[in-house]
Participant: 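Got a structure here, written out as structure tokens. Questions coming.
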Protein chains: 2
Amino acid sequence: MSATLKDVALKAGVSTSAVSRTFTPGASVSTKMRTRVEKAAEELGYQPNFLARSLTTRRTKLIGLVSDNFTNPFFLHVFDLFTSGLQEQGLRPLLVNISGQHDPVETAQMLRQYSVDGVIVASSTVGRDFVDAFQNVKIPIVYTFSRYYSSPEVNIVGIDNRAAGEYAANILIDRGYETIGFMGGPKEAISTYDRYLGFSKVMSEHPEIDFSYSFAEAYSFAAGRKEMMRLLEGDKAEAYFGADDVVSIGALSAIEAHGLSVPDDIGILGLNDIEMAGWENINLTTIRQPVAQIVASSIELMASLLEREGEQYPEARLLPSRLVERGTLRPPSDI
Amino acid sequence: MSATLKDVALKAGVSTSAVSRTFTPGASVSTKMRTRVEKAAEELGYQPNFLARSLTTRRTKLIGLVSDNFTNPFFLHVFDLFTSGLQEQGLRPLLVNISGQHDPVETAQMLRQYSVDGVIVASSTVGRDFVDAFQNVKIPIVYTFSRYYSSPEVNIVGIDNRAAGEYAANILIDRGYETIGFMGGPKEAISTYDRYLGFSKVMSEHPEIDFSYSFAEAYSFAAGRKEMMRLLEGDKAEAYFGADDVVSIGALSAIEAHGLSVPDDIGILGLNDIEMAGWENINLTTIRQPVAQIVASSIELMASLLEREGEQYPEARLLPSRLVERGTLRPPSDI
DNA sequence: ACCTTTTTTGCAACCGGTTGCAAAATAATT
DNA sequence: AATTATTTTGCAACCGGTTGCAAAAAAGGT
């Protein structure tokens, strides 16, 4: 097998501690010793074993990256940013897929068994039971792309979904739409729920507007399409807040299939601003989540948690979302 | 910190070996001992430390999952299947993102430092230098979604890209197209290159057909659109083999922007059959890669490599791809 | 009840490293 | 040159487990 500490020590004729110190940044070694050890290590192709080291240092640099969202292309981008960002910090993402039915407790135990230094949960739909299970094992956790308003004591990074819901509602009202619908993702999703909360609050302040709401079965194209198909059978609204881009794009397809045109016959407002929303054959007006910022901030927060050994109070970092004007909503009615 | 072997042994009043054995499947322990230990473990909330264990067993159950493709939604599906499939086998994917410029040697060393049991490379564009670097550290490797015809001694699972290129060419010829174009992904991509090889081979056997080819800059919507825009400025062909769905969908958008209709004015054939290809507003005729099979077979192959401790000769598992008829190609010309 | 065979258990060494502590070596001071 | 302060090094214990081996216990045979 590959060379170990002992092999190097033997070859260099020094103690194992010396070798260990050469590979430990900031340890006390003379330059003479260092070059000597390095030479032997070089010749043997020695690389310290990170996991053996972790036994004493109690740092594996492994970060559990757990998600249940492997269908929404938005999350591919999220994974891209997370993995490259973590790698830059010398951290290693252990990807955990909890879609399908997984036991929260088992997942938490698994992460403990692998001694991950921390856990980042990247999902807008992960259930409360997972939050609780993770809370029990004492590992630093950061939740992203989700938001419990009735928050347990956890770290959160993301947009303020409730505020985004309010923002969306005001946008549609400003455009002069008089019948407005909220078309959410799955009812169980926290993100959708919070967006609904904000949206309906504003609507309740505007009794003159005919407000309705419904939920797609999943954060997917097919579900969005299906739900919009259903809506178009009945009294359709003038505009819908799709609450997610993929769902909205599915809805657009349904509208097209009905021979209706956007934004003349019906307006659609998405949320996320995935790459596809900008494709010229889609051109979805949407509210952008600052994904890169959210991810960067999450990693930064995780790094500081690791530093301070969990001494820190949990915090919520909420970032602003903003409208990206494209072609699926009519312009603001000028007063 | 959390309970260790020793704590449990102490509490149960037995040796540490006994405790270790209760948690080692197939070890010799009496039922009396087992229940006694389990009770103590239960009370202390003990879970064996996987990494410490790996020190002696030489198995971490970590699998490096390395990819450089974080923009093509096709790969989100691939990651979904890989992560859940690996988890089912009790294996843990350490996700490594090598997009951006990463040093192959460093990446290989990193994987060795984390003592991964094996590496799965999921990418159609990963360079030969990575293949070589991984080859040097003695870790079982499986390459998926890629294919070197001038193959080094490595394990490969995927479709036969050259055969798929031939298949595509024959499909277009059967439809009676007389000017045909190959529009590949990036020139550097192995997959695109092999597809081109097969495609052009068939074309060279049909001198009556006006054959041309070009390459998009990346496996992305924007690149496909841009390339098709460029092609439409000149003497466009009657049909194109897009060599990737996302690229093809980009091309469709360019065609639409030019006011041309599909399949009447121009035919497009994709490859992959990503979910989006089936969306009713896209409806792309495409050649399907059997993704689920490829992933399952890769995992199975990896599992058997781990079993046999690398005694196995490298093998190539090539799976069949097949046409999915939709709306972007005209029907076969009946003779 | 006694001897033999089989199963269960504990001891102690080991996996590949790190680290507190004291001894040894080097540098600084007088 | 002798004394003191500082840096470097090795010893040995430890991180949390596993495992070969021999002793102890249990089971089987007569």
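Predicted model, so just to flag it, every value in this text is computed and none were measured. Chain identifiers are assigned alphabetically (A, B, ...) following the order of the sequence lines, protein sequences preceding nucleic acid strands; residue numbering begins at 1 within each chain.
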Participant: How close or far is atom C1' of D:dC14 from atom CG of B:Leu5, stated in whole angstroms?
Facilitator: 15 Å
Participant: Check the pair B:Leu94, A:Leu62 against side-chain contact (heavy atoms from CB on, under 4.5 Å), reporting the backbone distance first and the verdict last.
Facilitator: CA-CA 9 Å; B:Leu94 194 63; A:Leu62 290 172; 3.6 Å; yes
Participant: Has the side chain of B:Thr4 got a donor or acceptor atom sitting under 3.5 Å from an opposite partner on the base of D:dC15?
Facilitator: no
Participant: Tell me yes or no: between the side chains of B:Asp68 and B:Asn97, is some donor less than 3.5 Å from an acceptor?
Facilitator: no
Participant: To the nearest angstrom, how far is A:Gln47 atom CD from C:dG16 atom P?
Facilitator: 15 Å
Participant: Would you tell me if any nitrogen or oxygen in the side chain of A:Ser30 comes within less than 4.0 Å of OP1 or OP2 on D:dT9?
Facilitator: yes
Participant: So does A:Thr24 reach the base of C:dT19 with its side chain, donor to acceptor, closer than 3.5 Å?
Facilitator: no
Participant: Quantify the bending of the helix from C:dA1-D:dT30 to C:dT30-D:dA1 as the angle between its end axes, each fitted on five pairs, to 10°.
Facilitator: 30°
Participant: Within a 6.0 Å radius of atom OH on A:Tyr193, are there more than 12 heavy atoms belonging to other residues, nucleotides or ligands?
Facilitator: no
Participant: For a quick test of reading the model, state the closest non-hydrogen atom pair linking A:Arg21 to A:Ser28 and the distance between them.
Facilitator: CD-O, 3.7 Å
Participant: On DNA chain C, does the nearest nucleotide to A:Ala18 precede the nearest nucleotide to A:Lys6 from the 5' side, or the other way round? Give the residue.
Facilitator: A:Lys6
Participant: Checking B:Asn155 against B:Tyr143 for the side-chain contact (heavy atoms from CB on, under 4.5 Å) test, could you report, in this order, the C-alpha distance in whole Å, the side-chain angles of both residues, the deciding distance, and whether it holds?
Facilitator: CA-CA 6 Å; B:Asn155 292 291; B:Tyr143 288 86; 5.9 Å; no
Participant: Under 4.0 angstrom, heavy atoms only, what part of the nucleic acid is A:Tyr46 near: base, sugar-phosphate, or nothing?
Facilitator: sugar-phosphate
Participant: OP1, OP2 of D:dG16 versus side-chain N and O of A:Tyr114: anything below 4.0 Å?
Facilitator: no
Participant: CZ of A:Arg21 versus P of C:dC21: gap in Å, rounded?
Facilitator: 13 Å
Participant: Between atom CZ in B:Arg59 and atom P in C:dG16, what is the gap in whole Å?
Facilitator: 15 Å
Participant: Please state how far atom CZ in A:Arg34 lies from atom P in D:dT9, giving the value in whole angstrom units.
Facilitator: 10 Å
Participant: Between the side chains of A:Glu315 and A:Arg317, is the shortest nitrogen-to-carboxylate-oxygen separation below 4.0 Å, so that they form an ion pair?
Facilitator: yes
Participant: Tell me if the side-chain of B:Arg112 makes a donor-acceptor pair with the base of C:dG16, cut-off 3.5 Å, by modelled atom types.
Facilitator: no
Participant: Determine: side-chain N/O of A:Ser15 to OP1/OP2 of D:dG10, distance under 4.0 Å, yes or no.
Facilitator: yes
Participant: Can you check the B:Leu55 CG to D:dT18 P distance for me, whole Å?
Facilitator: 11 Å
Participant: Under 4.0 Å between a side-chain N/O of B:Ser28 and OP1 or OP2 of C:dT8, yes or no?
Facilitator: yes
Participant: For a quick check under 3.5 Å, do A:Tyr114 and B:Thr60 share a side-chain donor-acceptor pair by atom type?
Facilitator: no
Participant: At less than 4.0 Å, is any side-chain N or O atom of B:Lys32 found next to OP1 or OP2 of C:dT9? Yes or no.
Facilitator: no
Participant: Would you say a side-chain N or O of A:Thr56 is under 4.0 Å from OP1 or OP2 of C:dT18?
Facilitator: no
Participant: Is there a donor and acceptor pair, one atom on the side chain of A:Ser17 and one on the base of D:dC11, closer than 3.5 Å?
Facilitator: yes
Participant: For the pair made of CZ in A:Arg58 and P in C:dT19, what is the distance, rounded to whole Å?
Facilitator: 11 Å
Participant: In whole Å, what is the span from the CZ atom of A:Phe23 to the P atom of C:dG16?
Facilitator: 16 Å
Participant: What are the two closest non-hydrogen atoms of A:Leu111 and A:Gly64, and how far apart are they?
Facilitator: CD2-CA, 4.0 Å
